[in-house]
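Data first, discussion second: the structure below is written as structure tokens.
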There are 2 protein chains.
Amino acid sequence: MAERLTRQESRRRTRGRLLEAAAELFAERGVNGASVEQIAERAGYSRGAFYGNFDGKDALVAELLAERTRREAEEVREATAGAATRAEAFDALRAWNRERARNLESWLALRMELLLHAIRTPELRPLLAEREQAARSALAEGVRRELDRDGAAPPADPAFLALIAHALEDGLLIQRVLDPAAVGDEAVVDAVELLLRSWTALGGEAAEEGGT
Amino acid sequence: MAERLTRQESRRRTRGRLLEAAAELFAERGVNGASVEQIAERAGYSRGAFYGNFDGKDALVAELLAERTRREAEEVREATAGAATRAEAFDALRAWNRERARNLESWLALRMELLLHAIRTPELRPLLAEREQAARSALAEGVRRELDRDGAAPPADPAFLALIAHALEDGLLIQRVLDPAAVGDEAVVDAVELLLRSWTALGGEAAEEGGT
DNA sequence: GTTTTCTAATACAAGACTGTATTGGAATTC
DNA sequence: GAATTCCAATACAGTCTTGTATTAGAAAAC
């Protein structure tokens, strides 16, 4: 029952627990509102352990930010990778969103906390900017493909269309937290679906204008 | 030169300066990161003055939140009130956005700080929720009217369309701060304009389907 | 012009947070 | 199995923050 852990494993586990506890506390009280002591305590360690594993709170925040952005990108990629049709892809996204909705507030709070921290910490910004760019260009490719499949011309630069879809995610999440009754579980996916149809209509109309 | 201020005026001015200084500092360092002393100092007063005018930092945050949401709603209303045509309204919004873009980062940081604070402070949430609802329903009315003017049926519940437009604002601001190069000055207005055209196309298509 | 009322500055006590230095006890190496 | 290396707990000094209590000075009332 007592699995022997190698030192490396033990250390990794300690770091992981500290990161997790920090994420929770950041969501609850903010980065500035959570003390090193509280983080260590919730993780089940002491302050000494914290400083042994991280150079300080800022270093932990940086690592948390990197970890979260990486993991989220992975999850979306995995969720949509297996989808053959557009409907399947949307279904997969819906499922992913539902999953996330269960901890929406703390999720959004953590995202906003990390965003703010990145805004205020110049050396962290490239990290976030890069990940956002990647998300946008993947989305742009998807939009282009889907419109093309329906025989519609993009009614604007696909990069701009992707930006809209991408931005909607954050914006709708915020609205949802502020007013859960007005924003359904699947608003994000529904909205993107609607936009895609709208753009198809606009692009198709333009393309068929000459023919009709 | 030395205008005599009545006590009321003087007090009001002190409060205003404290609120302004707090807004700056909250944007820079976060609500938790700004101490009462720093706020008082930047405003040109001492801590005693602060506690004489507010019950504490939380009370100041609440007042700041109320003031900002009220003021913003007013500004948008004023900006669009004078517009006779849709183009004029969009132009007015563009101008308003350009104005705001000059302090974009601190503006967004403050909004996010206040949002987070509201998320974590149950008694503050109704305040924000109410204002967001009002904004959405005003927007819904506008969307309905514009689509109607073009003879298009709303392709979805106008409330949902308004939600999308409204959410885009926050989302695009976030993207813009993270990656200014990828998001133009007028992305918000451009996006809403595009959406309106798209929905017209979709709604018009649906409406004319039987006729064609 | 004197008294009263109110605003803002200063002083103070209590508590919290940080980072480091030291110590005890495991895991690895020989 | 002894020595060494590493991890985490505890102790400590210093700084910062908060809220209140006291005090000086200006404005309002008479």
Side-chain angles (χ1 to χ4, degrees), chain A residues 1-64 113 116-117 120-121, chain B residues 1-64 113 116-117 120-121 123-124:
Chain A
M1 50 151 259
E3 9 45 307
R4 300 276 280 188
L5 293 181
T6 175
R7 269 214 273 248
Q8 248 189 350
E9 290 169 335
S10 169
R11 191 177 172 77
R12 171 179 296 276
R13 195 181 60 169
T14 303
R15 285 174 69 90
R17 285 179 176 169
L18 284 169
L19 281 167
E20 203 175 330
E24 286 178 24
L25 280 163
F26 288 167
E28 286 171 23
R29 318 182 180 192
V31 173
N32 267 313
S35 74
V36 170
E37 169 130 34
Q38 290 165 340
I39 295 171
E41 191 192 359
R42 177 165 306 194
Y45 297 93
S46 67
R47 278 222 323 282
F50 182 97
Y51 283 106
N53 280 284
F54 297 96
D55 283 345
K57 202 158 76 171
D58 277 352
L60 178 139
V61 174
E63 191 157 329
L64 191 59
E113 282 289 336
L116 279 170
H117 199 82
R120 294 180 182 131
T121 313
Chain B
M1 48 151 257
E3 5 51 305
R4 300 274 280 189
L5 293 181
T6 174
R7 270 205 211 136
Q8 249 189 349
E9 290 169 336
S10 169
R11 191 176 171 78
R12 170 179 297 277
R13 194 182 59 170
T14 303
R15 284 174 69 88
R17 284 179 177 169
L18 284 168
L19 281 168
E20 202 175 332
E24 286 178 27
L25 279 162
F26 289 167
E28 286 170 23
R29 315 182 184 190
V31 172
N32 267 313
S35 74
V36 169
E37 169 131 34
Q38 290 166 340
I39 295 171
E41 192 193 358
R42 176 163 308 190
Y45 297 93
S46 68
R47 277 221 327 269
F50 181 97
Y51 283 106
N53 281 284
F54 298 96
D55 282 344
K57 202 160 73 172
D58 277 352
L60 176 139
V61 173
E63 190 155 331
L64 190 59
E113 282 289 338
L116 279 170
H117 200 82
R120 293 180 184 130
T121 312
E123 56 269 31
L124 251 45

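In what follows, chains carry the letters A, B, and so on, assigned in the order in which the sequence lines appear, proteins first and then strands, with residues in each chain numbered from 1.
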Q) Rounded to whole angstroms, how far apart are CG on B:Asp58 and P on D:dT18? A) 11 Å
Q) How about A:Phe54 and A:Arg15: do any of their side-chain heavy atoms sit closer than 4.5 Å? A) yes
Q) To the side chain of B:Tyr45, which of D:dT18, D:dT10, C:dA9 is closest? A) C:dA9
Q) Looking at the side chain of B:Tyr51, which of C:dA8, D:dT18, C:dT18 is the nearest nucleotide? A) D:dT18
Q. Which whole-number value in Å describes the distance from B:Leu60 CG to D:dT18 P?
A. 12 Å
Q) Whole-Å distance between D:dT18 C1' and B:Asn32 CG? A) 13 Å
Q: Kindly indicate, with the supporting measurements, whether the criterion side chain to side chain contact (heavy atoms under 4.5 Å, CB included) is fulfilled by A:Leu116 and B:Leu116.
A: CA-CA 11 Å; A:Leu116 279 170; B:Leu116 279 170; 3.8 Å; yes
(Q) Mind checking if A:Gly52 touches a base, just sugar-phosphate, or nothing, with heavy atoms under 4.0 Å? (A) nothing
Q: Have a look at B:Ser46 and say if it touches a base, only the backbone sugar-phosphate, or nothing, with a 4.0 Å heavy-atom cut-off.
A: base
Q: May I have the distance from A:Phe54 (atom CZ) to C:dT18 (atom P), rounded to whole angstrom?
A: 15 Å
Q) Phosphate oxygens OP1/OP2 of C:dT7: is one of them under 4.0 Å from a side-chain N or O of B:Thr14? A) no
Q: Send over the distance from A:Asn53 CG to D:dA8 C1', rounded to a whole Å.
A: 9 Å
Q. Could you state the CZ-P distance from B:Arg13 to C:dT7, rounded to the nearest angstrom?
A. 14 Å
Q: Figure out the CG/C1' separation between A:Leu18 and D:dC7, and round it to whole Å.
A: 12 Å
Q: May I have the distance from B:Arg12 (atom CZ) to D:dA27 (atom C1'), rounded to whole angstrom?
A: 18 Å
Q | Within 6.0 angstrom of B:Glu41 CD, more than 12 heavy atoms from elsewhere | A | no
Q.
Checking the side chain of A:Arg120 only, and the main-chain atoms of B:Glu28 only, is there a donor and an acceptor separated by less than 3.5 Å?
A. yes
